[in-house]
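Whatever order the structure lists them in is the order used to number ligands and atoms, beginning at 1.
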Amino acid sequence: MSKSISGFSKLSKSHKIDWIVATYFNNNNDAKNIIKQYWNSNLKLQQLHDEFIENTITNYYLPFGVAPNFLINGKMHAIPMAIEESSVVAAASKAAKFWSERGGFKAEVLSTTKIGQVHFMFHGDFKVLNTFFETVKPKLKEATKSITKNMEKRGGGILDIELRDKTESIEGYFQLHATFETLDAMGANFINSCLEQFAKTFREEALDYDSFSEKEKNIDVIMSILSNYVPDCLVRAEVSCPVKDLTENPLINPEEFANKFIQAVRIAEVEPFRAVTHNKGIMNGVDAVVLATGNDFRAVEAGVHAYASRSGRYTSLTHAKIEDGIFTFWIEIPLALGTVGGLTSLHPLVKLALELLHEPTARELMQIVAVAGLAQNFAALRSLTTTGIQEGHMKMHLMNILNQFEATNEEKAILIDYFKTHTASHSAVVEAINKLRI
Ligand code: MEV
């Protein structure tokens, strides 16, 4: 059994590593070397990364790739993507090129409202609580003036605060349900600061409210926190073209392809087992851009999947139709993103990613991210309904297998060429390497 330790966070970085290597790696120097191999020689940059979180011992690299040729609302973009999965950037680039020759992607932000809640317990007369809430509501806003001042100057702030009765679910449970406009900020700190102030003012005012009984005066605030479910922070992206233009491959009939594609989307609309994988493919594109631009991919993931379940059944985030010979494929997803604050002004690669995207507003970034998700889904469904997914996947995965076998550059060149015309499965690649090495 490994030892526990107290005061770990207070140790220096090298002492932390010494402890980890002694406790978990039997003092093996290889482990120490791997950890140190990822340190950056630029000490300032390393310190920046060390200070992002507690107990940093090294950096964790992900490839930062670029998918060019994304024509979005008439403007060309090269989209930055941070992701480890071999085929994602290649698939996005292919889909981008394909649609850039067919009018590109159209995207629009449908709404930008974010939500936060103060959850509290009140055991008493709801009518009296409601009257108290109406009286105190202007004071709740007033008390947050110092927090909201700058946001209001820019046109954002608190949109509304409602009192919600949740006693059908839990006895005595109520909420202050607040809506916010946070403009180019993701808004988590802004929203949480407002909510904590609402809670404080609400509690304090209740203590002095004469119409409450002594028991009612003691409002029990459970917690104050934003919601990552943002169904009213919504973006839509679509592509469309005449069905006849849907494929350049003479071996594929465009009508057949379009119908099969639409059936594949329908299956994801009605069948949760398929919908989860379908949406996972969308999130390959979404998360990669969210991560590259320094946004919170866990928040996005949680919110998107909740949205996919809003009808009570988990379903596809994308939809497709053919009308009057025109194929249309679209996505609608909630995305709470920021292009100011957080990592955006701190992390040099995040800054570079945003510069590459021409310093987008949060609304523009929502459109770009939704497009990346749609493109990814198009590429996946096109492969799935034609060649199957493994052909493209294994081509991209080939390099991983070659690296596992420490193939030389010369071996790589020969085998990459060989697998242009042969089916690449794991065993076929291993066999080919072995043959080459005889
Ligand atoms: C793999 O990362 C993503 C796919 O499985 C998505 C899909 O099935 O639609 C290819």
Side-chain angles (χ1 to χ4, degrees), residues 62-67 70 79-99 105 237-239 246-247 252 256-292 297-298 300-302 304-305 307-309 313-321 327-333 335 369-401 403-404 419 423-426 429:
L62 276 183
F64 180 102
V66 170
F70 269 97
I79 298 189
M81 302 179 99
I83 189 154
E84 87 300 345
E85 191 173 325
S86 323
S87 52
V88 169
V89 177
S93 307
K94 245 174 133 174
K97 188 92 181 39
F98 179 89
W99 284 107
F105 295 83
E238 77 164 49
V239 283
L246 260 181
T247 161
I252 299 175
E256 267 174 35
F257 168 68
N259 287 328
K260 227 169 156 182
F261 190 101
I262 284 176
Q263 287 305 342
V265 175
R266 287 216 178 106
I267 290 169
E269 284 169 346
V270 301
E271 165 54 52
F273 279 95
R274 172 57 201 152
V276 172
T277 319
H278 177 98
N279 290 347
K280 186 273 181 188
I282 293 170
M283 300 314 284
N284 279 343
V286 168
D287 283 344
V289 190
V290 168
L291 204 52
F297 65 92
R298 289 85 56 208
V300 166
E301 281 279 344
V304 164
H305 296 297
Y307 186 74
S309 322
R313 184 180 64 197
Y314 190 88
T315 183
S316 169
L317 296 162
T318 54
H319 308 281
K321 64 176 181 188
F327 168 87
T328 307
F329 179 47
W330 72 98
I331 187 169
E332 222 177 78
I333 43 169
L335 289 171
V369 171
V371 162
L374 186 69
Q376 209 65 45
N377 192 221
F378 179 77
L381 293 181
R382 184 165 65 169
S383 297
L384 286 167
T385 56
T386 55
T387 57
I389 205 75
Q390 279 312 89
E391 188 183 288
H393 255 231
M394 289 312 293
K395 282 234 163 80
M396 293 307 299
H397 191 53
L398 176 60
M399 193 56 84
N400 290 345
I401 306 174
N403 282 332
Q404 257 169 33
F419 282 107
T423 306
S425 67
H426 190 273
V429 178

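The residue Leu381 has no part lying near ligand 1, judged by heavy-atom distances below 4.0 Å. For Leu384, every heavy-atom contact with ligand 1 shorter than 4.0 Å involves the side chain, none the backbone.
Between Ile331 and Ile282, the closest side-chain pair of non-hydrogen atoms falls below 4.5 Å. In this structure, Asn403 and Met399 have side chains that are in contact, with non-hydrogen atoms separated by less than 4.5 Å. The closest side-chain heavy-atom distance from Asn279 to Tyr314 is below 4.5 Å. Residues Ile333 and Val286 meet the side-chain proximity criterion, which asks for heavy atoms closer than 4.5 Å.
Shortest contact from atom 3 (C) of ligand 1 to any protein heavy atom: Asn284 ND2, 3.6 Å. Nearest protein heavy-atom neighbour of atom 5 (O) of ligand 1: Thr277 CG2, 3.6 Å. The protein heavy-atom contact nearest to atom 1 (C) of ligand 1 is Glu85 OE2, 3.5 Å. The nearest protein atom to atom 10 (C) of ligand 1, hydrogens excluded, is given as Ile389 CD1, 3.7 Å; this is a heavy-atom distance.
Counting the atoms of ligand 1 from 1 in the order shown, those under 4.0 Å from a heavy atom of Ala380 are 9 (O). Counting atoms of ligand 1 from 1 in the listed order, those under 4.0 Å from a heavy atom of Lys280 are 1 (C), 2 (O).
For the pair Arg274 and ligand 1, the shortest N or O to N or O distance falls below 3.5 Å.
When each of Arg266, Glu332, Glu269 is tested with His319 by the rule side chain to side chain donor-acceptor pair (under 3.5 Å), just one qualifies, namely Glu269.
Note on ring orientation: taking the six-membered ring where Trp is involved, the planes of Phe327 and Phe261 are perpendicular (angle over 60°, cut-offs 30° and 60°).
Closest heavy-atom contact between Thr385 and Ala264: CG2-CB, 3.8 Å.
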